[in-house]
Amino acid sequence: MIPIVTIEGSTASGKSRLALMFAHKMETDIISADSRQIYRFMDIGTAKPTQEEMESIRHHLIDIVNPDVRYNAGDFSKDAGLIIKQLKEEGKLPIIAGGTGFYIKSLIEGIFKSPDIPLELRVKLEKEAETIGLDAMHAKLMEVDPDAGENIYKQDKQRILRSLEIYYYTGKPISVHWKEQKVKEEYKPFKILLTDERELIYKRIENRFDVMIEAGLLDEIDSLLKMGYTKDDYGLTAVGYKEFMPYFYEHAEFEDCIEQAKQNTRRYAKRQQTWYRRQEFDLIINPKDINEELVTNLYKNFKQL
RNA sequence: GGCGAGAUAGCUCAGCAGGUAGAGCAGAGGCCUGAAAAGCCUUGUGUCCCCAGUUCAACUCUGGGUCUCGCCA
């Protein structure tokens, strides 16, 4: 099993700072586990590391696709796996840092190997849902795959259609795929979580967003639109971007968009915290306890691996 | 200073021929196996501004007060 270290936590919890300090100490690279920092041209709003930071420490899986590409947990699991192998050969301890908990879970615990579903099937199911309604779709799922259906809310179109498309395409219920999935024991993770009081996280989110605006977030969005990307491209559904679409498309009030963006970021942080409560960690720390001593202690722990 | 309108949940407001109140938003709690910065579920008790009066009973009616917002000076 390959030892790896993960650094997780909600947005604005200090992950990057700890990851950078630790990577310097360990003389290794950082693998970003962030579903939005993968996009090129989206730097300010996704709070990517600065140019200097990226020059001092090599970061992987940042700026790997254009904003119109859909990337997912399966892609991440595969891509990160390759980089981990490579780092292992170089004798480096991989540090995986980022706020997309589901990506990290998929990497460590594995995710069932889904075939690529043809677009036509998705479109067909989408249309069917529109005509007969979601309740009926959920009822269909309950017939073919009650195990999956029971655990999906009747309004959760995303998951209902996903389960159905897997059933129709592979002839096997998604819940059976899950059961057949082998336990992944490729990595030996040491998982670190950064947490803080909600109020403080919220405050940091708001300050950081103001800084982003000052740093030219609007220009960044504007140039994305000028490059031809639209509100329908996946990258632009990121928090901090999507809220400004009404401003560019419908002349909504700038200030309202800012408030909306801050609020969505708060909600996002809340969802992350809920997610982390259910995950297990080896070390839970508060951002204010990030210092040289902590990093040195971590270093001593991992140096011999 | 005059006239008018209003004062009810953190915010915006609704409501009651008088029987102690309810929406939206915010917030909170939760779910999560290829869209995860996504998607989805659950969740509303507060001196109904204060004081007095009428009444079996007032947030609801009457009087006074305080404050806020308009318009006029």
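Numbered from 1 within each chain, the chains take letters A, B, ... in sequence-line order. Keep in mind that this is a model prediction, so the values were computed, not measured.
Within the structure, a side-chain polar atom (N or O) of Ser35(A) is placed less than 4.0 Å from OP1 or OP2 of rA37(B). Contact between the side-chain N/O atoms of Thr265(A) and the OP1/OP2 oxygens of rA37(B) is not found at any separation under 4.0 Å. Considering only side-chain N and O atoms, Tyr202(A) lies under 4.0 angstrom from the phosphate OP1 or OP2 of rA28(B). One finds no side-chain N or O of Arg70(A) lying less than 4.0 angstrom from the OP1 or OP2 phosphate oxygen of rA38(B). A close approach under 4.0 Å does not occur between any side-chain nitrogen or oxygen of Tyr103(A) and OP1 or OP2 of rA38(B). Considering only side-chain N and O atoms, Tyr153(A) lies nowhere under 4.0 angstrom from the phosphate OP1 or OP2 of rC41(B). Phosphate contact (OP1/OP2 of rU33(B), side-chain N/O of Arg162(A), threshold under 4.0 Å): absent. At the phosphate of rG39(B), neither OP1 nor OP2 sits under 4.0 Å from any side-chain N or O atom of Gln155(A).
With hydrogens and angles left out, the side chain of Arg159(A) and the base of rA38(B) share a donor-acceptor pair within 3.5 Å. Side-chain atoms of Glu109(A) stay outside donor-acceptor range of the base of rU33(B), with no qualifying N/O pair under 3.5 Å.
By the side chain to side chain donor-acceptor pair (under 3.5 Å) test, Gln279(A) is found to be paired with no residue, residues two or more places apart in sequence or in another chain being considered. Applying the side-chain contact (heavy atoms from CB on, under 4.5 Å) test to Asn207(A) and every residue at least two apart in sequence or in another chain returns Lys203(A). For the side-chain contact (heavy atoms from CB on, under 4.5 Å) test, residues two or more places apart in sequence or in another chain that qualify with Asp256(A) are Glu253(A). In this structure Lys48(A) satisfies the side-chain contact (heavy atoms from CB on, under 4.5 Å) test together with Gln37(A), Asp43(A), Thr46(A), Ile62(A), Asp63(A), sequence neighbours excluded.
Where pairing requires Watson-Crick or G-U contacts shorter than 3.5 Å, the helical stems of RNA chain B with at least three consecutive pairs are B:1-7 with B:66-72, B:10-13 with B:22-25, B:27-31 with B:39-43, B:49-53 with B:61-65.
Using modelled atom types, one finds no donor on one side chain facing an acceptor on the other under 3.5 Å when comparing Ser13(A) with Arg204(A). Arg162(A) and Ser114(A) share a side-chain donor-acceptor pair at under 3.5 Å.
Between Asn151(A) and Ser114(A), the one whose closest nucleotide on RNA chain B sits nearer the 5' end is Asn151(A). Nucleotides of RNA chain B nearest to Gln37(A) and Arg267(A) differ in position, and the one nearer the 5' end is that of Arg267(A).
Grouping Ile, Leu, Val, Met, Phe, Trp and Tyr by side-chain contacts under 4.5 Å, direct or through others, leaves Val239(A) on its own.
For the P atoms, the distance from rC13(B) to rA7(B) is 9 Å, rounded to whole Å. Look at the C1' atom in both rU45(B) and rC41(B): the space between them is 24 Å, to the nearest Å.
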